[in-house]
Trainee: 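Take a look at the following structure, please.
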Amino acid sequence: MPPRRMPTQDTAAFLILAALAACAGPRPPAAQREAAVCRCTPHKPCWPAEAAWRRFGASLQGKLEQPRSPLEPCRTDAAGEECAAALRNSRNPFFLQDQPGGTESAGWLGAWDSANSAYAVTAANVGDIAAAVSFARDHRLRLVVKGTGHDYLGRSNAPDSLLVWTHEMRRVAVDDAFVPRGCAASHSAAPAVSVEAGTRWIEAYQEVTVKHGRYVQGGGCTSVGAAGGFMQGGGFGSWSKAYGIAAASMLEAEVVTADGQVVVANACQNQDLFWALRGGGGGTFGVVARVTLETHPLPAFFGAVDGSIVAKDDGAFRALLERFLVFYRTTLNDEHWGEQVRVRRSNSLDLSLVFQGMSAKQAEQVWQPFRDWVERDGRYTMKAVFFEIPGRRMWDYAYLSQLPGAVTRDDRPGQPADRFWWTGDGDQVSAYWYAYQSRWVPLALFEDANVKRFASVLFEASRHWSVGIHFNKGQAGASAEAVRRGRETSMNPAVFDAAALIIIASSAPAFPGIPRHEPDKGQGENARAGVAAAMKVIRDATPGAGSYVNETDYFEPDWQQEFWGENYEKLLRIKAKYDPDGLFFCHHCVGSEQWSADGMCRQPG
């Protein structure tokens, strides 16, 4: 791609005259000043006329439509069959993604509710994305970008907005020797996969792993988008200890910037934008139309450990936590292990761990010393099932469907026979969040000098709410190559000192505005208080540890530091370079502090 053009002499002269005019004479009336800094909404004179919308729609290869909620039938007849069908379908993530008005989450108590855009561009290609960006810029519209709507923080929906919906762009292409555009011929080639903006991980995994016998670092949920906010926020998968942050595998991105230009960002051109896209957050620097990701050799086996260890009393549970933390640090904190354990008020340590590069028998041998300790002590009941999956069958529905309860297929008529989601992820579909908080936990807390105190912290927090410890979402203990590549991204550097990400959250299946299915606000307030009390215990023990931008508290007060640490100021400069007028806005994204909470008006100063 050609370099971004500098202003011509005529353009420069115009800008100088405009600046002088702005500085001279009395200030314009308040209404005019408001119009200059606020976006247009449907009830303002500046909103495009219907004829303008028609012309715009006719110019697209895709289409322009007016979204509606997938649950719209329930607003008119809550007891009708159409409503019942919509509610059944609302538990299917792929159904929600097929609707321009659908979102994975239904909302967040006191924060946001799922809302329809005024119009949506169903983009067929990068040209449609560029046209939508230019139309929004020229008409001062609130712009929203959505691939799958798989977002907790409400960043992929907003009322009175124009939605760029990339759902139809799902082409996937494997390349055995990819060289980024603009790089010298001597630049090393790498095996890679290119995915368009609407691609889900199920489609990427089935192409890369099932068909080609390679691995690409992506998300655990099969319905998560591969090129959108997941990737741009950093992105973790079950085996990130081995293969690193997902964004670290990015070799190239095709991006539509705020000026409507299509640019390519990689290690050889637009390097600052490339850095920002790998961890700086989605919906912020431009609309990513395509990414190319490096692929990796496939391990012979993937596998999992499912079970629990229950202590007879509080004292035994404290001892269990301390022993497990030491066991994790000395035995599991490496590239082979991932996923999570959950610390419960019932004095149960629930195991939902995964492994790669070893058989189930080998994994059991790793755990045998810990199991021996549990059985010798006599105060515990341990149940654990170890199972393995051949590497190439990991996302093969024909194989997985034989494992009882492991996967749920998208069984709507006309859908691909191999499209599925992990059954355990179903609780997140159409969840209404009462609270969601996260905190990275430094590996130093697992060391001998600190482990007793940290075990007590976990115990105390679990008295308020159950605590999830996600080991795959920290990079301490990751492979040297994973850490090296990860440090080239714009993620908060705190992740490289973290053994895990603690997540404490609460949700319920509920839909604001739908009769008989409204959220229970009393239940929500109680849950929010419990989550906050538990996380306060964790926060007090982890000053400055940071939080993960894609899975975090909507109300995080010090979000710039918590999400990006020392990288924030550089990200802000890159934002100003590529989007000086703030066309791309989302909640607690880089530069959003310059706007009102709804993204409609620029803040003074």
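Small disclaimer: the values here were computed from a predicted structure and weren't measured.
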Trainee: For ring pair (Phe, Tyr, Trp, His ring centres under 6.0 Å), just list the numbers for Trp337 and Phe471, CA-CA rounded to whole Å, side-chain angles, deciding distance to a tenth of an Å, and then say yes or no.
Mentor: CA-CA 8 Å; Trp337 292 90; Phe471 295 109; over 10 Å; no
Trainee: Do any pairs count as a side chain to side chain donor-acceptor pair (under 3.5 Å) and have a residue in residues 209-220, sequence neighbours left out, and if so which ones?
Mentor: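 Counting only pairs at least two positions apart or across chains, the side chain to side chain donor-acceptor pair (under 3.5 Å) contacts touching residues 209-220 are Glu207-Lys211, Arg214-Thr295, Tyr215-Gln217.
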Trainee: Could you work out, with salt bridge (Lys or Arg N to Asp or Glu O under 4.0 Å) as the rule, every residue matching Glu364, not counting sequence neighbours?
Mentor: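 So Glu364 forms no salt bridge (Lys or Arg N to Asp or Glu O under 4.0 Å) with any residue.
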Trainee: Run the salt bridge (Lys or Arg N to Asp or Glu O under 4.0 Å) test against Arg344 and tell me which residues pass, sequence neighbours left out.
Mentor: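 With sequence neighbours excluded, Arg344 shows a salt bridge (Lys or Arg N to Asp or Glu O under 4.0 Å) to Asp350, given in chain and number order.
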Trainee: With ring-ring contact (aromatic ring centres under 6.0 Å, His included) as the test, pick out the partner of Tyr548 among Tyr436, Trp559, Phe236.
Mentor: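 The residue from Tyr436, Trp559, Phe236 that satisfies ring-ring contact (aromatic ring centres under 6.0 Å, His included) with Tyr548 turns out to be Phe236.
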Trainee: Please check if the side chain of Arg453 supplies one atom and the backbone of Leu445 the other of a donor-acceptor pair under 3.5 Å.
Mentor: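 No, Arg453 side chain to Leu445 backbone: no donor-acceptor pair under 3.5 Å.
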Trainee: Taking NZ, NE, NH1 and NH2 as the nitrogens, is one of them in Glu252 or Arg290 under 4.0 Å from a carboxylate oxygen of the other?
Mentor: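 Arg290 and Glu252: salt-bridged.
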Trainee: Listing request: all side chain to side chain donor-acceptor pair (under 3.5 Å) pairs with a residue in residues 535-545, at least two apart in sequence or in separate chains.
Mentor: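 Sorted result for residues 535-545: Arg439-Thr542, Lys536-Asp540, Arg539-Glu556.
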Trainee: If you measure only the distance, is there a donor-acceptor pair under 3.5 Å linking the side chains of Asp314 and Asn347?
Mentor: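 Asp314 vs Asn347: donor-acceptor pair found between side chains.
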Trainee: For Arg170, which residues count as a salt bridge (Lys or Arg N to Asp or Glu O under 4.0 Å) partner, sequence neighbours excluded?
Mentor: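 So Arg170 forms a salt bridge (Lys or Arg N to Asp or Glu O under 4.0 Å) with Glu203.
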Trainee: Mind checking side-chain contact (heavy atoms from CB on, under 4.5 Å) for Thr552 and listing every partner two or more places apart, or none if nothing turns up?
Mentor: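 With sequence neighbours excluded, Thr552 shows a side-chain contact (heavy atoms from CB on, under 4.5 Å) to Leu153, Ser438, Ser547, Phe563, given in chain and number order.
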Trainee: What residues, two or more places apart in sequence or in another chain, satisfy ring-ring contact (aromatic ring centres under 6.0 Å, His included) together with Phe454?
Mentor: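 Scan of Phe454 (ring-ring contact (aromatic ring centres under 6.0 Å, His included), adjacent residues dropped) gives Phe446.
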Trainee: Given the rule in the side-chain contact (heavy atoms from CB on, under 4.5 Å) test, do Val441 and Ile469 qualify, once you have shown the distances and angles that lead to the verdict?
Mentor: CA-CA 9 Å; Val441 181; Ile469 309 175; 5.7 Å; no
Trainee: Between Val341 and Leu353, is any pair of side-chain heavy atoms under 4.5 Å apart?
Mentor: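 Heavy-atom side-chain distance check passes, below 4.5 Å.
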Trainee: Side chains of Gln428 and Tyr152: any donor to acceptor distance under 3.5 Å?
Mentor: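 Side chains of Tyr152 and Gln428: pair found under 3.5 Å.
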Trainee: Holding to side-chain contact (heavy atoms from CB on, under 4.5 Å), I want the full list of residues that pass it with Asn526, two or more places apart in sequence or in another chain.
Mentor: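 With neighbours one apart ignored, the set is empty.
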Trainee: Sequence neighbours excluded, which residues qualify as salt bridge (Lys or Arg N to Asp or Glu O under 4.0 Å) partners of Arg419?
Mentor: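 If we apply the salt bridge (Lys or Arg N to Asp or Glu O under 4.0 Å) test to Arg419, skipping adjacent residues, the hits are Asp410.
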Trainee: Verify whether one side chain among Trp465 and Ser506 offers a donor that lies under 3.5 Å from an acceptor in the other.
Mentor: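 No pair is found: no donor N or O on one side chain lies under 3.5 Å from an acceptor on the other.
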Trainee: Find out whether Gln475 and Ile245 are in side-chain contact, i.e. whether some heavy atom of one side chain is under 4.5 Å from a heavy atom of the other.
Mentor: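 Sidechains of Ile245 and Gln475: in contact.
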Trainee: Going by atom types alone, do Arg318 and Ser456 pair a side-chain donor with an acceptor below 3.5 Å?
Mentor: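 On atom types as modelled, these side chains qualify, holding a pair under 3.5 Å.
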Trainee: Quick one: side-chain contact (heavy atoms from CB on, under 4.5 Å) partners of Arg393, sequence neighbours excluded?
Mentor: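 For Arg393 the side-chain contact (heavy atoms from CB on, under 4.5 Å) partners, ignoring immediate neighbours, are Ile389, Pro390, Asp396, Tyr399.
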Trainee: For Glu460, is there an ion pair with Arg463 - N to carboxylate O distance below 4.0 angstrom?
Mentor: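 Salt bridge flag = no for Glu460 with Arg463.
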Trainee: Hey, is the main chain of Gln362 close enough, under 3.5 Å, to the side chain of Ser359 for a donor-acceptor pair?
Mentor: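 Present.
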Trainee: If you measure from the Lys or Arg side-chain nitrogens to the Asp or Glu carboxylate oxygens, is any gap between Arg329 and Asp448 under 4.0 Å?
Mentor: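 Salt bridge present between Arg329 and Asp448.
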Trainee: Going by the rule side chain to side chain donor-acceptor pair (under 3.5 Å), which residues pair with Trp239 if we only count those two or more places apart in sequence or in a different chain?
Mentor: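 With neighbours one apart ignored, the set is empty.
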Trainee: Checking Ala316 now: which residues fulfil side-chain contact (heavy atoms from CB on, under 4.5 Å) with it, not counting sequence neighbours?
Mentor: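 Only Ala311, Asp313, Arg379, Tyr380 meet the side-chain contact (heavy atoms from CB on, under 4.5 Å) criterion with Ala316.
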Trainee: Do the side-chain N and O atoms of Glu339 and Ser238 include a donor-acceptor pair separated by under 3.5 angstrom?
Mentor: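 Present: a donor and an acceptor within the cut-off.
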